[in-house]
Structure formats: C-alpha cells, structure tokens
Amino acid sequence: MRTVLEATKISEAAAKSIETFHPDCVKEIEKAIKENQYVVVGMKQNPFVSKARNLLTEKSITFKYIEHGSYFSKWKQRLAIKLWSGWPTFPMVFIDGKLIGGFNELDALLGNQKH
C-alpha cells in the first residue's frame, strides 16, 4: 500500500474539509458494493470504462454501473472517489465488495474465463 498521511498530522479543519468533500458520491458507491456482487465506477468518454462494461456484459455478468461525469464535468466528485479508494484511475471495479482495480485487472481475472 502507498503511504498516506497519518491522521495525527491532519488539522481538525483539514479533517473536516476531507470529511465533507462530496461524501454523497462515496456513500453511493459504498451502498452499491454492499448490494451488488459486481460494481463498475466510471465516467463518460473513457474507453477503459466501456471495455470493462463490455467484458462483463460479454461474460453475462450482472453489474451495477455508477457514472460520475466526463472529462469535462464532475472532476471534483471523481477526485473524492479516488481519495476514498486510493485507486488513481477509472474504471474502479469492485467484486464482492473488494476493489480489484481497473479494466486491466478485470481482464486478467475474467478475460479467459467462461461465466
């Protein structure tokens, strides 16, 4: 795991700003990963998001898709999601509540399997 700043090194004011930075986006994803086996979090216009969704569809795997903007919108909401997960890019793919990574990791996991 990458190093993250210790909580004791964050002021109360900064901690409050972190806590209130688009928590609705994070809660939406937390709820989805509790209720669905497969969850893909993405954005419009990103080809890797499309590839992940297409792979799951080709494998007849039911999944929940959550979309937050495009390259031209909602970057702050996506930043909040990245800060929460620690994953730097989209898509973010969750299986059984666990972040497995993005399209490349999904493809390595499912690419040659029949479902």
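Basis for what follows: all heavy atoms, side chains included, without hydrogens, waters or symmetry-related copies.
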Fill in the blank from the handout: Sequence neighbours excluded, the answer for side-chain hydrogen bond (donor to acceptor under 3.5 Å, both in side chains) partners of T89 is W87

Handout entry: side-chain hydrogen bond (donor to acceptor under 3.5 Å, both in side chains) partners of H68, counting only residues at least two apart
Key = E28

Fill in the blank from the handout: Contacts of A32 meeting side-chain contact (heavy atoms from CB on, under 4.5 Å) (sequence neighbours excluded), chain-then-number -> N36, V39, K64, I66

Problem - Side-chain heavy atoms of L56 within contact of K59, under 4.5 Å - result: no

Completion exercise
When rounded to the nearest 0.5 Å, the distance separating CD1 of I29 from OG of S85 is 7.5 Å

Problem - Check: R78 side chain, S73 main-chain N or O, donor-acceptor pair, under 3.5 Å - result: yes

Problem - Within 6.0 Å of NZ in K82, more than 12 heavy atoms from elsewhere - result: yes

Exercise for the section: Measure the CE-OG distance between M43 and S70 for me, rounded to the nearest 0.5 Å. Expected result: 6.0 Å

Problem - Heavy-atom closest contact (P91 atom, V40 atom, distance) - result: CB-CG1, 3.9 Å

Practice task
Supply the atom-to-atom distance Y71 OH to F90 CZ, rounded to the nearest 0.5 angstrom.
Solution key: 10.5 Å

Problem - Hydrophobic cluster membership, I10 vs F21, 4.5 Å side-chain cutoff - result: no

Practice task
List for me each residue that meets salt bridge (Lys or Arg N to Asp or Glu O under 4.0 Å) alongside K31, sequence neighbours excluded, and say none if there are none.
Solution key: E35

Practice task
Test K27 against D24 for side-chain contact (heavy atoms from CB on, under 4.5 Å), laying out the working first.
Solution key: CA-CA 5 Å; K27 288 177 185 173; D24 51 323; 5.7 Å; no

Completion exercise
Across all chains, not counting sequence neighbours, the side-chain hydrogen bond (donor to acceptor under 3.5 Å, both in side chains) partners of E58 are none

Problem - Any K44 side-chain heavy atom under 4.5 Å of F72 side chain - result: no

Problem - Cluster check Y38, F48: I/L/V/M/F/W/Y, side chain < 4.5 angstrom - result: yes

Completion exercise
One should read off an interatomic distance between L106 CG and L55 CG, to the nearest 0.5 angstrom, of 5.0 Å

Problem - With S11 via side-chain contact (heavy atoms from CB on, under 4.5 Å) - residues at least two apart - result: A13, A14

Completion exercise
A80 and H22 have their tightest heavy-atom pair at CB-CB, 3.7 Å

Exercise for the section: Please lay out, stage by stage, how L99 and M92 fare under the test side-chain contact (heavy atoms from CB on, under 4.5 Å). Expected result: CA-CA 7 Å; L99 174 65; M92 291 180 194; 4.0 Å; yes

Practice task
State, with a plain yes or no, whether a side-chain heavy atom of F63 is found less than 4.5 Å away from one of T57.
Solution key: yes

Practice task
Supply the atom-to-atom distance Q77 CD to E67 CD, rounded to the nearest 0.5 angstrom.
Solution key: 12.5 Å

Practice task
Examine V4 and I18 and state if one hydrophobic cluster contains both, with Ile, Leu, Val, Met, Phe, Trp and Tyr joined whenever side-chain heavy atoms are less than 4.5 Å apart.
Solution key: no

Practice task
Check the hydrophobic clustering (I, L, V, M, F, W, Y; side-chain heavy atoms under 4.5 Å; chains of links allowed) and say if V41 and I61 are grouped together.
Solution key: yes

Handout entry: Heavy-atom check, side chain of E30 versus side chain of V26, under 4.5 Å
Key = yes

Problem - Atom pair CG/SG of L79 and C25 - distance to nearest 0.5 Å - result: 10.5 Å

Practice task
Find out if a path of hydrophobic residues (ILVMFWY) with successive side-chain heavy-atom gaps under 4.5 Å connects Y65 to L109.
Solution key: yes

Handout entry: Sidechain-backbone polar pair: N54 side chain, S50 backbone, donor-acceptor under 3.5 Å
Key = yes

